[in-house]
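Worksheet: the structure to be examined is printed underneath.
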2 protein chains.
Amino acid sequence: MPDSHFEEVRSLHLFAGMSDDSYARLMRAAYVQSFPPEVELIAEGESADFLHILVSGAVDLYAEWNGRRTSMATVRPVSTFILAATIRDAPYLMSAVTMEKSRIVMIPSQDVRQVFDEDGDFARAVVVELATCYRSVVKAQKNLKLRTAQERLANFLLRQQQRAGGAAEFDLPFEKRRLASLLGMTPENLSRTLRALQAYGVLVDGARVRIGDQQDLERFARPSPLIDDPAS
Amino acid sequence: MPDSHFEEVRSLHLFAGMSDDSYARLMRAAYVQSFPPEVELIAEGESADFLHILVSGAVDLYAEWNGRRTSMATVRPVSTFILAATIRDAPYLMSAVTMEKSRIVMIPSQDVRQVFDEDGDFARAVVVELATCYRSVVKAQKNLKLRTAQERLANFLLRQQQRAGGAAEFDLPFEKRRLASLLGMTPENLSRTLRALQAYGVLVDGARVRIGDQQDLERFARPSPLIDDPAS
DNA sequence: CGCCGATTTGAGAGCTTTCAAACTTTGTGG
DNA sequence: CCACAAAGTTTGAAAGCTCTCAAATCGGCG
């Protein structure tokens with residue numbers, strides 16, 4: 001593996017606190033791979049043979065049932081995904097597909113479990129990572145069950161605006177069809193709902209969004225740290 | 001704390017593997033408390049001062065936003081709840097209320113974090129517990145996003161039937177209003193949807209449910225281990 | 001330019017919610 | 001033990017929201 005990735009991954013919270021020894025063991029059989037867009041990395045139901053770490057690019061986690069499909073989350077660098085399945089040695093609950101050209105570090109699951117069994121520091125880091133993932137899914141579920149589609153969209157836009165440094169204008173980070181799926185609606189409905197938010201000063205042109213009156217949109221969206229804060 | 005609870009809690013997967021020493025430290029400041037039904041144990045947004053372990057009874061985890069309320073999960077003995085907030089030393093994301101008379105062991109969060117920092121075995125057990133919780137929320141989210149209300153209800157009934165040992169008749173485990181909220185619908189809609197499942201041989205009388213033709217209901221519900229299996 | 005996929009728009013159907021009222025169940029006090 | 005009150009459940013009607021299907025439009029790329 002190139003040194004640059006080696007160091008980049010090392011600096012992740014998950015690996016930062018462990019001994020050089022354990023880290024070396026973890027990386028011994030690990031390798032980096034580059035993928036073009038739209039490549040299926042893992043499929044729901046398969047056994048979790050590798051822990052994946054996204055170094056660059058973007059990955060969509062989705063799930064399917066009975067012919068339907070929904071986006072569950074978007075993974076951005078640098079972060080791991082599907083840690084829980086690796087630890088539990090259980091089947092993946094979600095599929096993963098690259099959204100763009102992506103570089104991914106893959107560590108054999110059995111190495112992760114072995115180091116996990118031997119290195120308490122690593123085990124503790126895994127806990128913190130998992131607790132964070134757990135809390136973020138709980139937030140996603142609250143978002144789904146407590147808010148209407150319009151409210152979810154409004155809050156999503158406000159979060160995007162924050163990510164854009166508070167600018168009044170910014171671009172949507174991915175296709176609208178994927179956004180619709182993430183928010184739990186159809187593309188058609190997203191289109192209409194975006195339009196409905198004009199009433200709160202939202203203007204959309206293609207992927208470009210302009211938030212005319214943040215206060216007004218916030219009054220409608222009522223963002224809450226217990227649902228919308230990415231960390232915590 | 002009474003010895004009976006002491007042993008019962010000790011036998012939980014979360015505590016089974018740790019040293020007597022660590023366990024004693026964890027339990028030093030812990031105490032058991034009995035609560036009548038409908039008691040608010042913790043409120044969303046509060047800081048996580050105690051890890052809770054339900055020894056007997058039942059607890060509803062719910063969340064609120066903007067005046068709306070939804071049930072997120074039901075906790076059954078013997079299990080812990082809100083472990084992630086304790087570990088992260090972060091605010092609770094959900095509120096908890098007793099559904100029946102319940103006995104609950106409360107361990108100060110700082111003790112949990114301290115033992116967690118010192119005892120690798122405990123840290124590893126926490127990981128397994130958290131990974132399981134994480135996976136169960138992911139399943140709940142797939143259930144919500146991929147299935148219609150009717151399908152969620154049908155699968156819920158099949159799961160209940162399993163819990164009842166496969167009997168054709170069984171009782172719903174809690175009030176219908178709570179079930180409706182768990183499944184993400186209104187009580188009125190649950191009532192109508194139960195009726196709609198007559199088409200697949202489901203008969204309801206009060207809390208009593210009779211599944212006339214399991215095969216038929218399964219053909220409609222299409223249960224999947226990646227959504228409906230409680231463990232794994 | 002012309003094709004292909006993504007997005008938008010329209011219309012209609014279907015599902016879910018809301019509101020109101022009737023009915024049932026549960027628990028309490030007389 | 002009965003009557004009553006309070007809460008939970010069911011039913012009906014209407015409104016609102018979301019989905020589906022179909023067609024039109026937009027946008028990027030060869």
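Chain identifiers are assigned alphabetically (A, B, ...) following the order of the sequence lines, protein sequences preceding nucleic acid strands; residue numbering begins at 1 within each chain. Side chains included, hydrogens not; waters and symmetry mates left out as well; all remaining heavy atoms used. The structure displayed is predicted, hence computed values, not measured ones.
Rounded to whole Å, the distance from CD on Glu188(A) to P on dA23(D) is 14 Å. Atom-to-atom, CG of Leu183(B) to P of dT17(C) comes out at 11 Å; the value is rounded to the nearest Å. Arg147(A) places its CZ atom 18 Å from the P atom of dC17(D), with the value rounded to the nearest Å. Separating the CG atom of Asn189(B) from the C1' atom of dA15(D) is a distance of 15 Å, rounded to the nearest angstrom. Arg208(A) has its CZ atom 17 Å from the C1' atom of dG27(D), to the nearest Å. Atoms CD (Glu38(A)) and C1' (dA6(C)) sit 13 Å apart, rounded to a whole Å. Distance CZ (Phe174(B)) to P (dT25(C)): 20 Å, rounded to an integer number of Å. Rounded to whole angstrom, the span from the CG atom of Leu190(B) across to the P atom of dT9(D) amounts to 9 Å.
Comparing dA6(C), dT11(D), dT18(D) against the side chain of Glu175(A) picks out dA6(C) as the nearest. Here dA6(C) is the nucleotide among dA6(C), dG10(C), dT16(C) with the atom lying nearest to any side-chain atom of Arg177(A). The side chain of Arg195(B) lies closest to dT11(D), out of dT20(D), dT9(D), dT11(D). Distance from the side chain of Lys176(B) is smallest for dT9(D) among the nucleotides dT9(D), dT20(D), dT8(C). When each of dT17(C), dC19(D), dT11(D) is scored by its nearest atom to the side-chain atoms of Thr186(B), the top-ranked nucleotide is dT17(C).
In this structure, the side chain of Thr98(B) engages the main chain of Glu38(B) through a donor-acceptor pair within 3.5 Å. With Lys145(A) contributing its side chain and Ser71(B) its backbone, the two residues share a donor-acceptor pair below 3.5 Å.
In terms of position along DNA chain D, the nucleotide closest to Arg152(A) lies nearer the 5' end than the nucleotide closest to the other residue of the pair Gly206(A) and Arg152(A).
Put simply, the residue from Tyr31(B), Phe35(B), Phe81(B) that forms a ring pair (Phe, Tyr, Trp, His ring centres under 6.0 Å) with His52(B) is Phe81(B). Under the salt bridge (Lys or Arg N to Asp or Glu O under 4.0 Å) rule, Asp228(B) has a single partner from Lys142(B), Arg152(B), Arg147(B), which is Arg147(B).
Dashed line: the shortest gap from a side-chain N or O of Arg192(B) to OP1 or OP2 of dT9(D) is not under 4.0 Å.
Between Glu8(B) and Arg103(B), no side-chain nitrogen of the basic residue sits less than 4.0 Å from a carboxylate oxygen of the acidic one, so the salt-bridge criterion is not met.
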